[in-house]
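Order of listing sets the numbers, starting from 1, for every ligand and every atom in it. Only heavy atoms go into these numbers, but all of them, side chains included; no hydrogens, no water, no symmetry mates.
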Amino acid sequence: TQTTRPQRLLAAVQKNATRGDPRSVVKAIDQFCRQKEWAMNVGDEKGCILDSVVTEVNPATVLELGTYCAYSTVRIASLLPPHAKLITLEFNPHNAAIARQVIAWAGLGDKIQLVEGASGDWIPKMKEKFAIETFDLVFLDHWKDRYLPDTKLMEECGLLRKGSILLADNVICPGTPDYLEYIRNSPRYKSQYFRSHLEYTKVEDGLEKSVFLG
Ligand SMILES: O=C(NCCCCc1cc2ccncc2s1)c1cc(-c2ccc(F)cc2)cc(O)c1O
Ligand SMILES: [Mg+2]
């Protein structure tokens, strides 16, 4: 029977990446997406911007909304200090199953907790279920029309502290106009746009980095 794109991406990781070497997993996925099939990973160009934000923030707690095949999950976790924790939410059970195997191949299982379900359901349960106070860094990469409601939900649930960083993918393509409008005009955030391109293409896209001011 026909394989899925995430299954073919996982096969490329298992064929071309070294077990326990997260950067080789990232490289194998980028190679697969450039040479074989496009996939909606943050990619290598925006990935470098992501790397610089992660190393600058040096977060102890990270929330990723939208795992897909765990490309950015692995990319972020490979830069975290020891004992730091990354929680990643994925809605699609098939993608989650593939992501778990990519995370295992990278050897990052002890830093990453993958949770299956919808952000709107899980955000209100974060504190009690995962003993989380607040997140130092949130990477938004899920449904583009959920960035704004979920940011408001994180505020309401007290998951953001003065200095928490939100980093949002795809603010141009596919685009998150209501989120950009809110976050750039709210007195509670200081935002900065990092211009780049849609993964593996020449189409404009970018990351919006916002600091919660409390
Ligand atoms: O949709 C995208 N990403 C979200 C997938 C939805 C997965 C979800 C995870 C989750 C977790 C918790 N609650 C709810 C949800 S929903 C996405 C799409 C494109 C793109 C760009 C140009 C195209 F022509 C076609 C696609 C590029 C990207 O970088 C993306 O990230
Ligand atoms: Mg994205």
Dump the intermediate steps for side chain to side chain contact (heavy atoms under 4.5 Å, CB included) on V42 and F139, then the final yes or no. CA-CA 11 Å; V42 73; F139 181 53; 4.0 Å; yes
Take K36 and R5 through the side chain to side chain contact (heavy atoms under 4.5 Å, CB included) test and state the conclusion after the steps. CA-CA 10 Å; K36 297 284 187 328; R5 181 166 310 183; over 6 Å; no
Please report the C-alpha distance between Y200 and D30 in whole Å, then the side-chain angles of each, then the deciding distance to 0.1 Å, and finally whether the side-chain hydrogen bond (donor to acceptor under 3.5 Å, both in side chains) criterion is met. CA-CA 8 Å; Y200 319 114; D30 283 330; 2.7 Å; yes
Please step through side-chain hydrogen bond (donor to acceptor under 3.5 Å, both in side chains) for the pair D150 and S119, ending with a clear verdict. CA-CA 7 Å; D150 286 343; S119 48; 2.6 Å; yes
Could you give me the CA-CA distance, side-chain angles and deciding distance for L148 and T176, then say whether side chain to side chain contact (heavy atoms under 4.5 Å, CB included) is met? CA-CA 8 Å; L148 180 52; T176 62; over 6 Å; no
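Here E181 pairs with N185 under the side-chain contact (heavy atoms from CB on, under 4.5 Å) rule; sequence neighbours left out. Remark: Y182 engages no residue in a ring-ring contact (aromatic ring centres under 6.0 Å, His included) (not counting sequence neighbours).
For the Mg ion (ligand 2), the nearby protein N/O/S atoms, meaning those under 2.8 Å, are D141 OD1, D169 OD2, N170 OD1.
A tilted orientation is assigned to the rings of Y189 and F212, their planes being inclined by 30° to 60°.
Connection of V62 to L160 is not established within any shared hydrophobic cluster, with ILVMFWY side chains joined at heavy-atom distances below 4.5 Å, either directly or through further cluster members.
Within 4.0 Å of ligand 1, counting heavy atoms only, the contacting residues are W38, M40, G66, L89, E90, F91, G117, A118, S119, D141, H142, W143, K144, D169, N170, C173, P174, L198, E199.
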